[in-house]
Each structure stands twice: as structure tokens, then as C-alpha cells.
A.B. asks: 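Before I ask anything, here is the structure I am working with.
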2 protein chains.
Amino acid sequence: MSIRPNKPDPDESREAFRRYLRSRHIKDTSARREVLDVVLGLKGHFQADDVTDLLKGGSRTVGKATVYRTLPLLVDCGILKRVHFDMKRAHFELARGGEPHDHMVCRRCGRIVEFASDEVLELRGRIAREHHFHVIGHRFQLSGLCWECSIACPVAKIAPGSA
Amino acid sequence: MSIRPNKPDPDESREAFRRYLRSRHIKDTSARREVLDVVLGLKGHFQADDVTDLLKGGSRTVGKATVYRTLPLLVDCGILKRVHFDMKRAHFELARGGEPHDHMVCRRCGRIVEFASDEVLELRGRIAREHHFHVIGHRFQLSGLCWECSIACPVAKIAPGSA
DNA sequence: ATGCTTGCAAAACGTTTGCACAGGG
DNA sequence: CCCTGTGCAAACGTTTTGCAAGCAT
């Protein structure tokens with residue numbers, strides 16, 4: 001039921017990043033390219049730390065400061081999307097060509113189920129129009145219990161306040 | 001257009017908190033009561049720090065640790081709701097008797113517009129059902145430009161990555 | 001050659017925790 | 001009375017920043 005990640009073409013992303021950097025007069029450096037390469041190899045959701053660790057294993061050392069400075073660029077140019085599952089740390093995911101989708105987070109096992117729904121976009125547009133709001137993006141996140149956990153744990157109330 | 005905050009009755013909230021504490025065998029202390037009182041006097045959204053600061057001005061000193069330990073209790077008993085506008089800090093708001101609503105955040109001026117829509121709940125239920133997910137809560141947050149800012153700033157792209 | 005980028009280390013930030021004492025049940 | 005709750009300060013982990021050196025343009 002969950003969306004099949006149709007990963008974006010790495011070469012296309014690299015080219016897009018290059019164009020983005022040039023258009024903004026930001027330098028196309030090896031460190032930034034390496035961050036992109038690592039990120040393109042990742043599946044699902046990750047955090048800044050994951051990228052830093054993977055870069056440690058690579059040929060060159062890329063500091064975590066650079067990772068923290070590069071990830072926003074990748075978000076800005078549309079290659080990455082920022083997602084917030086908790087308020088502890090920032091999570092990212094590949095944007096997959098911009099195919100919109102949202103998340104359901106299981107409060108018990110932490111599992112993340114993705115879903116895509118045109119209705120979310122419709123509704124978002126309708127609401128924005130009603131309030132004279134120029135909508136650019138949204139975040140729609142359900143929290144609750146996944147199928148397995150709802151069986152294992154009949155008591156619905158878990159992790160207070162994480163809605 | 002935005003929802004009129006029908007604030008909950010303070011006395012009722014205090015009573016609800018007392019019942020909650022008793023039911024969980026958590027002590028009904030003066031510090032916790034003072035946190036609740038300050039919180040009930042706040043309008044709109046606030047963060048842990050706001051509560052701590054206001055408590056400093058009061059008769060007794062309540063440490064920020066106590067605030068951080070008490071706010072989750074208030075969330076758990078339904079008096080407060082946790083909202084995340086950014087990943088920097090946690091924000092809270094009065095639950096107003098549980099009347100559900102969501103937020104639109106202006107990327108330019110930071111203004112927060114609230115909206116309530118039954119359709120969000122319907123959609124959420126429908127999606128959860130499709131994915132065999134037992135939904136407990138949700139967060140639906142639009143980001144973009146409010147009316148004033150969309151006129152003042154015709155360029156739609158602002159604050160990269162805050163979608 | 002210029003000045004944006006880098007890595008490192010250290011700061012900053014909100015939040016959590018360890019502790020000895022206070023206070024509610 | 002006991003055990004939980006409290007305040008303080010120090011710890012925590014993520015993210016940011018200051019700096020001298022490096023490198024793309």
C-alpha cells in the first residue's frame with residue numbers, strides 16, 4: 001500500500017544541483033558534490049549525522065559543519081525534503097522528483113508509513129483560498145499505531161503529546 | 001476568518017488537572033498549579049521559556065526544570081496541545097476544549113493563521129483506514145505567504161526548506 | 001588574486017538529568 | 001513518615017559559528 005520510492009536519477013540530480021549552484025553564484029565544490037552523492041545513495045529517511053558518518057568512510061573527510069551547511073542547499077534546490085518526525089532532530093528524504101506524499105508515524109514502534117493523496121492537495125488549496133493564503137508547501141502527519149502495534153497493544157494511548 | 005479562540009474556563013481546567021493528577025497518583029503540588037495558572041493566562045502560542053519567565057515574576061520561583069516536567073502533563077491531560085512550527089523549539093497552545101484546528105505559517109512574517117476543517121478529519125480517517133493505521137492525532141500545517149506578504153513580496157520562494 | 005568554503009573545535013541552543021532538600025499523600 | 005517533587009546546576013545532543021587555511025572562479 002505504501003508508495004514505491006521511484007528514486008530520482010542520480011545524474012539528473014547532480015546536474016540540477018550544479019545548475020542551482022551556478023544560478024545562485026554558489027561554488028560547485030567537491031565537498032558539496034560528495035554530500036550530494038552520499039545523499040543520493042540513501043534510501044528512506046535520514047538525518048545529518050547519517051550523512052556525516054558515511055562521509056567519514058569515504059576517500060576524503062567532510063566535516064559535519066559542511067554537511068549541515070550543504071543539506072539546506074539541497075532542500076532549497078528541490079533534491080531533498082525536510083521532514084520532522086520529532087523535535088529532537090531534523091530528518092530528510094529524497095524528493096523523488098517532487099512526488100508529494102505524507103507520513104504516518106507509529107507511536108509505539110516508530111515505523112513510518114508513507115501515503116500519497118490528491119485529496120490532501122485539493123483540500124490544502126481549498127483551505128488556503130478560503131483564508132487568502134498563498135500556500136507553498138505543507139506537512140500532513142498522522143500519528144497513531146500501525147497495524148501490528150494496534151494488535152499488540154490494544155490500549156490506544158501511547159507517548160502522550162506526540163500528536 | 002480565523003477561528004475565535006473560545007478559551008477554556010480556568011476553573012474547569014484546574015479541576016480537570018486535579019482529577020488527572022489524582023487518577024495517576026501524581027502529586028498535586030503548588031509548583032504544578034502555578035504552571036497551570038500561568039499557562040491559562042496565555043493567549044495564542046507559547047514555549048517553555050515564556051512560562052518560565054512569567055513564573056519568575058510571580059511570588060515563588062519555579063525552576064525551568066519543573067516547567068519542562070509539567071508541560072507534558074498538561075498535554076497529556078488534554079489542557080495543552082503541542083505544536084511544532086519549526087524544529088528549533090516546542091510550542092504549545094491551549095487546547096480549548098479539544099476543538100481541532102490546524103495552522104498556516106507565513107514564511108515571511110511568521111504570522112500564524114488558524115483554520116478548522118471537518119474535511120481534514122474525514123480525510124485523515126479515510127487515509128488511516130486505507131492503510132490499516134489506528135490514527136490518534138495529526139498535524140496539518142500549511143506554509144506559504146499570508147495575504148499581506150503575498151502582496152508585499154510577489155516572489156513566492158522564501159525561507160527555503162521550511163515547508 | 002579574490003573571497004567564498006572548508007574543517008576543526010568550541011559555542012550556542014533548548015531540553016534533560018543528578019542531586020540533596022522540601023513537601024505532599 | 002515515606003516517597004515523590006523540587007530547584008539548581010551541570011550534562012546532553014544537535015546544530016551553529018569563529019577562525020585560519022584551502023580552493024573555485
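Chain letters run A, B, ... following the sequence lines, proteins first, then strands; residues in each count from 1. Treat the numbers as computed from the prediction; the structure is a model and nothing was measured.
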A.B. asks: Using atom NE2 of A/H25 as one end and atom C1' of C/dC4 as the other, report the distance to the nearest whole Å.
C.D. replies: 13 Å
A.B. asks: Want to settle it: does A/R69 or A/K64 sit nearer the 5' end of DNA chain C, counting the closest nucleotide to each?
C.D. replies: A/R69
A.B. asks: Figure out the CZ/C1' separation between B/R32 and C/dA22, and round it to whole Å.
C.D. replies: 14 Å
A.B. asks: Under 4.0 Å, counting only non-hydrogen atoms across every strand here, what does B/D49 touch: a base, just sugar-phosphate, or nothing?
C.D. replies: nothing
A.B. asks: If only atom types and distance count, is the side chain of B/D50 paired as donor or acceptor with the main-chain N or O of B/Q47 below 3.5 Å?
C.D. replies: yes
A.B. asks: Can you measure A/F85 atom CZ to D/dT14 atom P for me and round it to whole angstrom units?
C.D. replies: 17 Å
A.B. asks: What is the distance from CE of B/M87 to C1' of C/dG14, rounded to the nearest Å?
C.D. replies: 13 Å
A.B. asks: Would you call the rings of B/F115 and A/H131 parallel, tilted or perpendicular, taking 30° and 60° as the class edges?
C.D. replies: tilted
A.B. asks: Rounded to the nearest angstrom, tell me the gap between atom CZ in A/R33 and atom P in D/dT25.
C.D. replies: 8 Å
A.B. asks: At under 4.0 Å between heavy atoms, what does A/S30 touch on the DNA or RNA strands: base, sugar-phosphate, or nothing?
C.D. replies: nothing
A.B. asks: When all nucleic acid strands are considered with a 4.0 Å heavy-atom cut-off, which category describes B/A31: base, sugar-phosphate, or nothing?
C.D. replies: sugar-phosphate
A.B. asks: Taking only Lys NZ, Arg NE, NH1 and NH2, and the carboxylate oxygens of Asp or Glu, determine whether A/D28 and A/R33 approach each other closer than 4.0 Å.
C.D. replies: yes
A.B. asks: Please tell me if B/Y68 has a side-chain N or O lying less than 4.0 Å from either OP1 or OP2 of C/dT16.
C.D. replies: no
A.B. asks: For a quick test of reading the model, state the closest non-hydrogen atom pair linking A/P100 to A/L121 and the distance between them.
C.D. replies: CG-CD1, 3.9 Å
A.B. asks: Expressed in angstrom and rounded to an integer, what is the separation of A/K88 atom NZ from D/dT14 atom P?
C.D. replies: 10 Å
A.B. asks: Find the distance B/K27:NZ to C/dC21:P and express it as a whole number of Å.
C.D. replies: 18 Å
A.B. asks: Do A/H84 and B/H84 come within less than 4.5 Å of each other through their side chains, counting heavy atoms only?
C.D. replies: no
A.B. asks: Closest nucleotide of DNA chain D for B/T66 versus for A/A48: which of these residues is on the 5' side?
C.D. replies: B/T66
A.B. asks: Expressed as a whole number of angstroms, how long is the span from A/D53:CG to D/dG13:C1'?
C.D. replies: 14 Å
A.B. asks: What's the closest nucleotide to the side chain of B/T29 if the choices are C/dG7, C/dT17, D/dG5?
C.D. replies: D/dG5
A.B. asks: What nucleotide among C/dG7, C/dG14, C/dT5 has an atom nearest to a side-chain atom of A/R60?
C.D. replies: C/dG7
